[in-house]
Amino acid sequence: MRLLFAFAFCLCPTLAAANPETDPARYVRTDSLSVDSSAAESLARHLLGPNIAEAEAGVGRPITVQADLVTFQDGRRMLAASLCDAIWFGRTGCSSDIFIADPGSERFVAALAGLIGGGPFWLDLQLGAGGWPDIVVAPASINDGYVTFRWNGQQFVGLGY
């Protein structure tokens with residue numbers, strides 16, 4: 001019995017889940033799918049206007065806005081936006097949000113808000129829920145590596161929390 005437990009325990013590391021480093025064909029970065037960075041940044045500035053104004057008032061200068069806008073084949077869209085400033089956002093330097101829109105809709109809704117860190121973001125092309133791919137990030141605040149967020153019908157939630 002002890003040998004079986006020890007043997008199974010030793011195999012566990014080889015059964016680790018795939019991630020963007022081990023399976024780059026499965027995990028695609030949002031910035032590689034984004035086609036119009038100026039439109040993405042403009043949309044991010046519109047959706048996050050109050051957050052931007054608060055941060056800029058707090059630091060007394062403009063902050064950096066980074067955004068990727070991904071359009072899926074069925075017309076759904078996803079905006080990954082990061083607001084960055086080393087003073088305002090602390091150790092990680094950024095705060096990120098994900099917004100989504102249904103096909104044909106101009107209305108984007110918050111789907112993941114206030115994520116510490118500024119990406120990069122990967123979309124899992126094999127797993128997801130409700131028609132949305134899982135979102136995988138390596139936030140600076142977690143030392144365990146990648147974190148996966150899955151759509152629950154209302155928002156993206158972290159798996160394993």
Side-chain angles (χ1 to χ4, degrees), residues 19-24 26-125 128-161:
N19 64 54
E21 291 177 48
T22 63
D23 195 350
R26 173 178 168 178
Y27 299 92
V28 179
R29 282 178 56 145
T30 56
D31 60 357
S32 72
L33 300 173
S34 186
V35 293
D36 187 350
S37 60
S38 62
E41 183 181 329
S42 178
L43 180 58
R45 288 183 177 282
H46 170 73
L47 293 170
L48 293 167
N51 303 53
I52 294 169
E54 179 184 11
E56 290 180 346
V59 296
R61 66 173 181 276
I63 65 167
T64 302
V65 178
Q66 302 167 339
D68 299 318
L69 180 60
V70 177
T71 301
F72 296 92
Q73 288 181 341
D74 65 0
R76 289 173 301 121
R77 293 177 293 160
M78 177 184 288
L79 176 74
S82 298
L83 306 181
C84 301
D85 182 89
I87 294 173
W88 188 256
F89 295 106
R91 189 181 124 225
T92 66
C94 297
S95 175
S96 299
D97 297 85
I98 303 287
F99 297 88
I100 58 172
D102 290 327
S105 175
E106 293 301 314
R107 182 174 175 265
F108 279 79
V109 296
L112 178 61
L115 182 65
I116 297 171
F121 301 97
W122 290 269
L123 302 180
D124 185 336
L125 300 179
W132 293 102
D134 285 354
I135 299 170
V136 178
V137 298
S141 63
I142 296 179
N143 296 324
D144 296 332
Y146 298 96
V147 177
T148 300
F149 293 87
R150 180 166 292 155
W151 182 249
N152 71 0
Q154 296 181 332
Q155 63 185 358
F156 284 93
V157 295
L159 300 180
Y161 288 97

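As the structure is a computational prediction, the values presented were derived from the model and not from experiment. All residue numbers in this chain count up from 1 along the given sequence.
Of the possible donor and acceptor atoms, one in the side chain of Ser96 sits under 3.5 Å from a partner among the backbone N and O of Gly117. Panel note: side chain Gln155, backbone Leu112; no donor-acceptor pair is recorded below 3.5 Å. Listed for the Arg77 side chain is a donor-acceptor partner under 3.5 Å among the backbone atoms of Ser105. Thr148 places no side-chain N or O within donor-acceptor distance of the main-chain N or O of Val136, the cut-off being under 3.5 Å.
Under 4.0 Å is where a charged nitrogen must lie from a carboxylate oxygen, and between Asp85 and Arg61 at least one such pair does.
Between Leu33 and Met78 the shortest side-chain heavy-atom distance does not fall below 4.5 Å. The shortest side-chain heavy-atom distance between Leu83 and Ile52 falls under the 4.5 Å cut-off. Side-chain contact between Asp124 and Arg26 is present, with heavy atoms from C-beta onward closer than 4.5 Å.
Within the model, atoms CG of Asp134 and CG of Leu125 stand 10.5 Å from one another, a figure rounded to the nearest 0.5 Å. Within the model, atoms OG1 of Thr71 and CZ of Arg76 stand 10.5 Å from one another, a figure rounded to the nearest 0.5 Å. To the nearest 0.5 angstrom, Leu47 atom CG is 9.0 Å from Asp97 atom CG. If you take SG on Cys94 and CD1 on Ile63, they are separated by 9.0 Å, rounding to the nearest 0.5 Å. Atom CH2 of residue Trp151 and atom CD1 of residue Ile98 lie 11.5 Å apart, to the nearest 0.5 angstrom. Here Ile100 contributes atom CD1 and Arg107 contributes atom CZ; the two are 10.0 Å apart, rounded to the nearest 0.5 Å.
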side-chain contact (heavy atoms from CB on, under 4.5 Å) evaluation trace for Phe99 with Leu43: CA-CA 10 Å; Phe99 297 88; Leu43 180 58; over 6 Å; no
Steps toward side-chain contact (heavy atoms from CB on, under 4.5 Å) verdict (Tyr27, Tyr146): CA-CA 12 Å; Tyr27 299 92; Tyr146 298 96; over 6 Å; no
side-chain contact (heavy atoms from CB on, under 4.5 Å) evaluation trace for Leu123 with Phe72: CA-CA 11 Å; Leu123 302 180; Phe72 296 92; 3.9 Å; yes
Criterion side-chain contact (heavy atoms from CB on, under 4.5 Å) on Leu115 and Phe121, from CA distance to verdict: CA-CA 11 Å; Leu115 182 65; Phe121 301 97; 3.8 Å; yes
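The heavy-atom pair separating Glu56 from Pro62 by the smallest distance is OE2-CA, 3.3 Å. Nearest heavy-atom pair, Phe89 versus Ala55, reported as atom, atom and distance to 0.1 Å: CZ-CB, 4.3 Å. Nearest heavy-atom pair, Leu48 versus Ala81, reported as atom, atom and distance to 0.1 Å: CD1-CB, 3.8 Å. Listed here is the closest heavy atom pair of Phe149 and Gly158: CD2-N, 3.3 Å. Shown here for Phe156 and Pro133, the closest heavy-atom pair between the two residues is CE2-O, 3.5 Å.
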